[in-house]
Amino acid sequence: MQEDLFGANREESIGPGAMILRGFALDVGLLVGIAAVAAQAPFRHMLTPGGKQIGVEMTNCGAFGWVSDRRGYRYAPRDPLTDLPWPKMPDLFLSLATRAAQQAGFSGFRPDACLINRYAPGVKMGLHQDRDEAGFDAPIVSVSLGLPATFQFGGTDRRDPVARHTLQHGDVVVWGGVSRLAWHGILTLKPGQHPETGATRLNLTFRQAGYR
DNA sequence: AAGTACCC
DNA sequence: CCCG
């Protein structure tokens, strides 16, 4: 039984039911876990339904994985590349996500999906909503590792004003409740080197994708 | 469609 | 040319 090392040094509210837990996710085991997942389900570019390549490289772990292709956005229990189930979600990931949600005021978070995004310099993710899940009662927990990035966080209307927040290695963003369908994105990643990840930003996004 | 293009 |  190992001690968990999670705990935010600082919490910042970024909206109703939305906060950043600074330095909450500094356990190097997270990077080991990502490497283990990627060894079974490699990072790959996905296509939008319109046939354009998504710049971020993605893989998944857990019971469900987020996938996109010409048929649309959806959650799938198997990796389309291998037809194998997605790798099991590491216990460390589950523990982190549950504790972060709890810290942000969302008890009972039981993620069944973890999307892993890998950003290289020059890559961005446009404003979007996470709305492919079967229900929206559970929050979103988003973990930043490696190179810093500028996170855009707006409201539930596409036209709502968007604030910018720099996310550093170890920061966790949690949003739910009235902010669950908030529009969000990541600005173009700037070049840089991080001691633990090199010229890379990694993001873990935990969700309850399935019905309960 | 998490994408791009174009305009101001 | 880049940015919003």
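Each chain gets a letter, A, B and so on, in the order the sequences are listed, and its residues count up from 1.
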* Asked: Which residues pass the salt bridge (Lys or Arg N to Asp or Glu O under 4.0 Å) test with D157(A), sequence neighbours left out?
  -> R159(A)
* **Bracket notation of DNA chain C in which parentheses pair within the strand, [ ] cross earlier pairs, and | pairs with another strand (Watson-Crick or G-U, under 3.5 Å)** => ...|
* OP1, OP2 of dG4(C) versus side-chain N and O of R164(A): anything below 4.0 Å? -> yes
* **Rounded distance (Å) that lies between atom P of dA1(B) and atom CZ of R131(A)** => 10 Å
* Asked: What do you reckon, is CG of D91(A) surrounded by more than 12 foreign heavy atoms closer than 6.0 Å?
  -> no
* To do: Find out whether K124(A) and L189(A) are in side-chain contact, i.e. whether some heavy atom of one side chain is under 4.5 Å from a heavy atom of the other.
  => no
* Nearest whole angstrom, please: distance from the C1' of dA2(B) to the CE of M46(A). => 11 Å
* Whole angstrom is fine here: how far is it from CG in L47(A) over to P in dA2(B)? => 14 Å
* Asked: Does the pair L167(A) and R201(A) meet the rule for a side chain to side chain contact (heavy atoms under 4.5 Å, CB included), with working shown?
  -> CA-CA 10 Å; L167(A) 298 180; R201(A) 173 175 185 264; 4.0 Å; yes
* Are W183(A) and F153(A) an aromatic pair by the rule of ring centers under 6.0 Å? -> no
* salt bridge (charged side-chain N to carboxylate O under 4.0 Å, His left out) assessment of E12(A) paired with R10(A) -> CA-CA 7 Å; E12(A) 295 178 19; R10(A) 184 159 45 109; 2.9 Å; yes
* **Per-nucleotide protein contact string for nucleotides 3-8 of chain B, where B marks a base within reach and S marks sugar-phosphate only (heavy atoms under 4.0 Å, - for neither)** => SS----
* Donor/acceptor link under 3.5 angstrom from D132(A) side chain onto base of dA2(B) -> yes
* Asked: Can the ring centroids of Y73(A) and W66(A) be said to lie less than 6.0 angstrom from one another?
  -> yes
* To do: For N203(A) and dA2(B), give me the distance from atom CG to atom C1', rounded to whole Å.
  => 12 Å
* Just how far, in rounded Å, is P of dA2(B) from CH2 of W66(A)? -> 9 Å
* Between dA1(B) atom C1' and E133(A) atom CD, what is the distance in whole Å? -> 14 Å
* Taking OH from Y75(A) and C1' from dA2(B), how many angstroms apart are they, rounded to a whole number? -> 11 Å
* Asked: Expressed in angstrom and rounded to an integer, what is the separation of D130(A) atom CG from dA2(B) atom C1'?
  -> 9 Å
* To do: Is it possible for you to say whether F206(A) and V37(A) belong to one hydrophobic cluster, with membership spreading through side-chain heavy-atom contacts below 4.5 Å?
  => yes
* Asked: Taking atom types as modelled and ignoring hydrogens, do the side chains of R207(A) and Y75(A) form a donor-acceptor contact shorter than 3.5 angstrom?
  -> yes
